[in-house]
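Comments concern the structure below.
Note on naming: letters A, B, ... go to the chains in the order of the sequence lines (proteins, then strands), and numbering restarts at 1 for each one. Every heavy atom of this structure was used, including side-chain atoms; hydrogens, water molecules and symmetry mates were not.
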Amino acid sequence: MYRYLENRLAHHVREFLRRTYDVELPKIVIEQPPRVELGEYALPLAFELAKRLRKAPRKIAEEIVAGIGPVEGFEKLELAGAGYINARVNREALAEALASNTEPPAETQPGKVLVEHSSINPNKAAHIGHLRNAILGDTFVRLLKAAGREVDVQNYIDNTGVQVADVVVGFLHLEKKSRAEIEQLASQPRFDYYCWDLYARASQWYAEDKQNLEVRRQTLHAIEEGGNETAALADLISVAVLRRHLETMDRLDIEYDFLPRESEILHLHFWDAAFTKLKEAGVLVYENEGKNKGCWVMRRRNSTTEVTGTEEADKESIAEEDQKVIVRSNGTVGYVGKDIAYHMWKFGLLGRDFGYREFYRYPNQHDCWISTTDGVPDHPHFGDVAEIYNVIDTRQAEAQNAVIEALRALGHNEAADRYTHFSYEMVALTPRCAAEMGYQLSDEDKTRSYIEVSGRKGFGVKADDLIDTLIASAKKEVDGRHPQLSDAERTTIATQIAVGALRYFMLKFTKQSVIAFDFKEALSFEGETGPYAQYAVVRATNIFRKGGIDPDDFSLAGIDFAHYLSGQDRNEIWELWLAASKTSYIIDQSIATTEPAYLAKHAFQLAQLFNSFYHSYPILSEADESRKRFLLATVAVVRRELTRVLSVMGIKVPAAM
RNA sequence: GGGCGCGUAGCUCAAUCGGAUAGAGCAUCAGAUUUCUAAUCUGAGGGUUGCAGGUUCGAUUCCUGCCGCGCCUACCA
């Protein structure tokens, strides 16, 4: 409702300005006053107009307030401070609409959206950094769906890279395992943990003797070529690890629709198709000399590096700095090249498609598909979308920009405009956390504020370990509180609490903030956490259960909202209603700014206001029947909206806490 | 060297194109439970928003310069 009223107010103000002053503002800025006593919306536009109209802001504000006339849904507009215009909504009307859940739907943009997230190298267990990625991505998917968009969720699998080769080297050269032995290991419940250690050992082995790198090179070559025993082993390993990743993410209710793999980008010659187009368009240039001799390179964004010196050699060397090698001198294509081809496919610009087969069925019967060279004839249509979001950490901004530049250089400006790098900062360990985990830190590391997670060093908190720890911790608490419930019921509740805590933790930080991971904070169930918000809903539900009333089928007839919400002395409860009305508004904002943290903040604020209300207003013991029904309506609305916000965050509400 | 980002309370973080008295959680201290379960609530202390200028009616936010920190800057993916 909040969003709807804001749009209406903006529309009215825009019309009034046009009529009265003949001015057209590009955007009517509407804010929220610092305190609810001042009203529900604040317009600072008089300050902006002061110069253009050559009048004092206060004078302009006065004129607008006096002249704008009634706006439906609002009580009045009033002048405040040095020139603010504050708007007061008709509380009764908003409450009635909210209670009956009749918000007019907003327009939905057409076209399918593709969200790519997770993209974990399939050579080791997922860690906390991957959790941030997947939770941000999955929440963004839920946001888009809540806004009515059709969404495809993709998880790109780099199954032919050096990381996979390293684990293959580990099995074949360090452990001398046979194929049968590897198959046996791959069927174990936490094969990815085994690979985690092996990957770190292989990395160590290369460091011990540079000669060993030759083994890696040969292994990688065999994998890329395909059709040999090494490639088959790599496939066996990467598919087994991939399954483990899907299982891990499914524990957090994160699902994918399609898993495009790098092996198919190679074997289905996506790159060849892209290469032809890139050469034709002159995007790629063959270097005949210099550092990049024999490579196909792309010029960096028209970085007009002004060369002040007149030396030709200087110009040359700077020009080389601006080049990005796409095809190496040995003829193989690098990561960025494959990514360009992949993104042309995403937008339906490549003229080729993957083969598809079903790969993983979720417990809810949803199917996740995977790329293959020869697929089944019947499959859903992926790719060819209107808009894409790539959830990839900020360290890859450079590579992402290269892909966008390539699209532009090919003349696909519209596609490039609808390509969003959903960028976020990494998760790192605090030195204390690293020490707790028993990692040896250098003296230099000890002075750092945080230490980067490194799969290569085997340095980090594994996703499943963290989830296990969270569940165990929640279970202990639930066991103590609800001994009458069955163990299965208690486990379900503990799991929901653990997932709520983890998802909330990863969402409460803004994207550009490095999360310095700390067990104490991540394991907390108190204060600004997921369980705090879940608990508020459980409390609301308990009121209805104890009262023998169905919160979803609760008659609103005859509730005198005006009586209980109007006036400055009713602000406390009104604030709760106002917060509850903002969900759609917050969802829109989170999408527009690609910032799910707003959602988390909103959930917490709503829960906090409710807990305070819960404490101050006894409901079931309320003697005044009319007042009691109003209070119940308040609880019902907050419960519904908070449940909705949590569900967009992928957080379920336990039956009891 | 260049590019991107960060610096706010003891700690971890917020602050919606630049807006009204810079807000939360944790930690500390003092309180609240015969009640719809305290995973809760109430209150207190805690700030020169890294430093110095500039723009503006107004700057945590924008600009410039410093200081400190992180990431990127491979024919690795």
Looking at every strand, decide which applies to [X] at a 4.0 Å heavy-atom threshold: base, sugar-phosphate, or nothing.
X	result
F517(A)	nothing
E262(A)	sugar-phosphate
H421(A)	nothing
S621(A)	nothing
F509(A)	sugar-phosphate
Y585(A)	base
V325(A)	sugar-phosphate
I497(A)	base
E526(A)	sugar-phosphate
Y532(A)	sugar-phosphate
Q589(A)	base
E452(A)	sugar-phosphate
K293(A)	base
N159(A)	nothing

Mutual orientation of the aromatic rings belonging to [X] and [Y] [parallel < 30°, tilted 30-60°, perpendicular > 60°]:
X	Y	answer
F509(A)	F505(A)	perpendicular
Y2(A)	Y585(A)	perpendicular
F519(A)	F517(A)	perpendicular

Counting side-chain heavy atoms from C-beta on, which of C41(B), C36(B), U12(B) comes nearest to S612(A)?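 The answer is C41(B).
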Give the nucleotide from the list C41(B), U37(B), C75(B) with an atom nearest to the side chain of N611(A).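 Nearest to the side chain of N611(A) among the choices is C41(B).
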Is it true that R395(A) and E452(A) have a side-chain N and a carboxylate O under 4.0 angstrom from each other?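 E452(A) and R395(A): salt-bridged.
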In plain terms, say whether D393(A) and R132(A) are close enough for a salt bridge, that is, a side-chain N and a carboxylate O under 4.0 Å apart.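 Looking at D393(A) and R132(A), the cut-off is not met.
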Under-4.0 Å side-chain N/O to phosphate OP1/OP2 contact, [X] with [N]:
X	N	result
Y614(A)	U37(B)	no
R328(A)	C76(B)	yes
R35(A)	U21(B)	no
K324(A)	A74(B)	no
Q608(A)	C41(B)	no
R395(A)	G5(B)	no

Which whole-number value in Å describes the distance from L220(A) CG to C76(B) C1'?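 Those two atoms, CG and C1', are 9 Å apart.
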Validation row: M657(A), R481(A) side chains within 4.5 angstrom (heavy atoms):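 Contact flag for M657(A)/R481(A) side chains = no.
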With heavy-atom distances below 4.5 Å as the criterion, would you say the side chains of L576(A) and L606(A) are in contact?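 L576(A) vs L606(A): side chains touch.
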Is the count of non-hydrogen atoms from other residues, nucleotides or ligands lying under 6.0 Å from K652(A) atom NZ greater than 12?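 Check fails, neighbour count at 12 or below.
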Under a cut-off of 3.5 Å for both distances of each Watson-Crick or G-U pair, what dot-bracket string does RNA chain B give, using [ ] for crossing pairs and | for inter-strand pairs? (((((((..((((.....[...)))).(((((.......))))).....(((((..]....))))))))))))....
